[in-house]
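Data first, discussion second: the structure below is written as structure tokens.
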Amino acid sequence: MNQQEIENLYTLMEFEASRTSPPEGFPVLPDIPAGRYTDPRFHELEKQHIWRKTWLFAAHIDELPEPGCFLVWENAGQPVLIVHTMAGEIKAFYNTCSHRGAPVMTEKSGKRSSLTCNYHGWSYNHDGELMSIRDPEDFNGLDKSCRSLISIRCERFGNLIWVNFDEQAQTLLEWLGPIAEEWQEFQFDSCRLIGRHIFDLNCNWKVAMEANTEVYHVKSIHAQTVAQTLDDRRNVNTFYPNGHGRMVAPSKKASAPRTIAPPPGIKTIDTVGPIGRECTQSYGIFPNWVSPLSNFFLPPLQFWPNGINKCRFEVWTMAADWGDGPKPDLVNMWTNEDGSELGAVLLEDTQFGEAIQRSMESYGFKGVPLSYQEARIYHWNQAADRMIGIDNIPAELRVAQVMGEEWIYPNEPRLAQASQVSAG
Ligand code: FES
Ligand SMILES: [Fe+2]
């Protein structure tokens with residue numbers, strides 16, 4: 001993040017703390033329709049358009065570190081085989097044999113010289129090409145070159161592996177836009193994986209994710225934890241293209257930075273600037289990534305639908321390369337030591353998910369009025385509708401497109417208003 005951006009954020013923090021209403025010109029946010037959390041039609045639209053067309057963070061290179069390694073990944077509801085090719089590339093295919101559709105690999109992960117289907121022994125190389133079949137003389141004129149595994153778009157951001165089921169999608173870097181540049185300081189190209197755990201929750205995936213997309217809940221839900229240190233009135237939300245967002249909130253006393261020393265075994269990422277060092281800085285990457293990035297940890301949270309009223313909550317911990325020594329003891333910043341339970345803050349965030357879902361499914365739930373503080377949720381929903389195609393959505397399930405381009409980064413109308421405040 002460049003110096004001007006940093007100064008702008010500090011200016012905006014003071015602006016947020018001093019304002020007595022939403023910023024001038026900020027639109028009134030119409031209610032988010034209830035059915036977006038409960039209506040099977042909306043769930044189906046998400047499946048067809050959001051999960052099928054966006055870049056999804058799927059794996060870390062440490063999970064398939066050498067040529068020959070593979071990983072089966074099914075979080076997005078499709079069977080995906082991610083492989084490390086003999087030439088050192090990372091590629092993804094549908095884990096669907098081109099003979100009779102069996103999964104090519106049935107183990108979760110491993111390392112093989114070839115990828116051989118268990119059903120009848122068809123064998124593929126790591127580029128997905130069909131290399132040999134059993135009893136080829138019994139197939140009349142089968143052209144192996146037409147029977148490769150079907151590939152899936154797969155790109156890397158440093159050590160992070162992303163997939164996209166849409167052949168026409170823009171590149172991952174285009175998708176991330178200005179965030180790709182901002183993330184340079186976090187050195188994703190050398191980060192290592194400490195832990196990855198997944199938990200079942202009984203609520204719509206957006207209910208779980210939205211608890212991590214605003215600070216309005218901090219004083220109630222996190223009274224004894226986050227609220228002690230986070231200055232929620234100085235929180236600054238930024239709205240990026242493609243529905244991405246960011247929050248930056250300082251700690252309560254500017255003189256007492258968030259944390260002074262890294263946890264045992266964790267190296268400081270020296271290139272991280274003052275915002276990442278001293279503030280809580282969290283990015284939302286559309287559709288399902290939320291990550292408070294700092295100079296110690298790169299720990300994304302992800303939310304995967306599992307039906308309309310259930311989801312899977314995936315928590316990652318990544319950190320700077322710790323060198324040749326053993327992996328740091330600290331299993332994970334989000335869970336207890338053995339990774340079997342969520343840690344305190346995430347338990348606070350998820351504790352009401354099931355009750356909220358039940359309550360949302362009642363006749364009494366009509367929609368969600370969002371405050372200015374919660375506007376990143378609205379911004380996400382606007383982007384979702386554009387991705388689905390507004391005309392594809394039943395009118396009663398749409399959100400109005402009220403947040404115009406003027407509120408989308410790099411536009412920042414609040415800066416001019418901040419200078420009026422300080423001049424006045
Ligand atoms: S289904 Fe894979 S070899 Fe027959
Ligand atoms: Fe929270």
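From a predicted model like this one, the values you see are computed outputs, not experimental measurements. Order of appearance sets the numbers: ligands from 1, and atoms from 1 within every ligand.
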Test of understanding: given a 4.0 Å heavy-atom threshold, classify the contact between Cys97 and ligand 1 as side chain, backbone, both, or neither.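 The side chain, only.
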Using a 4.0 Å cut-off to any heavy atom of [X], which atoms of ligand 1 qualify?
| X | result |
| --- | --- |
| Tyr119 | 1 (S), 4 (Fe) |
| Cys117 | 1 (S), 2 (Fe), 3 (S) |
| Ala102 | 1 (S) |
| Gly121 | 3 (S) |
| Trp122 | 3 (S) |

If you measure only the distance, is there a donor-acceptor pair under 3.5 Å linking the side chains of Gln401 and Arg386?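 Yes.
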When you compare the side chains of Ser371 and Glu374, does any donor N or O come within less than 3.5 Å of an acceptor on the partner?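 Yes, a side-chain donor-acceptor pair sits under 3.5 Å.
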Quick check for you: with the Fe ion (ligand 2) as the vertex, what angle do NE2 of His217 and NE2 of His222 span, to 10°?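 Value returned, to the nearest 10°, is 100°.
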Closest approach of any protein heavy atom to atom 1 (S) of ligand 1, naming residue and atom: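 The protein heavy atom lying closest is Arg100 N, 3.2 Å.
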Give me the nearest non-hydrogen protein atom to atom 4 (Fe) of ligand 1 as residue plus atom name, then the distance to 0.1 Å.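 So the nearest neighbour among protein heavy atoms is His120 ND1, 2.1 Å.
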Take the angle between the ring planes of Trp183 and Phe188 and call it parallel below 30°, perpendicular above 60°, tilted in between.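 Rings of Trp183 and Phe188: tilted, 30 to 60°.
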In terms of relative ring orientation, are Trp304 and Trp51 parallel, tilted or perpendicular, with 30° and 60° separating the classes?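 Tilted, since the angle between the ring planes falls between 30° and 60°.
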Does the gap between the ring centers of Trp162 and Phe157 come in under 6.0 Å?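 For Trp162 and Phe157, the ring centres are not under 6.0 Å apart.
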Quick check: Phe313 with Phe199 (ring centres under 6.0 Å apart)?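 Not under 6.0 Å, so no.
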Option from Trp289, Trp205, Trp316 for which side-chain hydrogen bond (donor to acceptor under 3.5 Å, both in side chains) with Gln302 holds: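 With Gln302 as partner, Trp289, Trp205, Trp316 yield a single side-chain hydrogen bond (donor to acceptor under 3.5 Å, both in side chains), made by Trp316.
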Only one of Ser98, Ser148, Ser114 clears side-chain hydrogen bond (donor to acceptor under 3.5 Å, both in side chains) with Tyr124; which?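 Exactly one option meets the side-chain hydrogen bond (donor to acceptor under 3.5 Å, both in side chains) with Tyr124, and it is Ser98.
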Provide the atom name of the closest N, O or S atom of Asp349 relative to the Fe ion (ligand 2).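 Among the N, O or S atoms of Asp349, the one closest to the Fe ion (ligand 2) is OD1.
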Quick check on atom 2 (Fe) of ligand 1: does His99 put an N/O/S atom closer than 2.8 Å to it?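 It does not; every qualifying atom lies at 2.8 Å or beyond.
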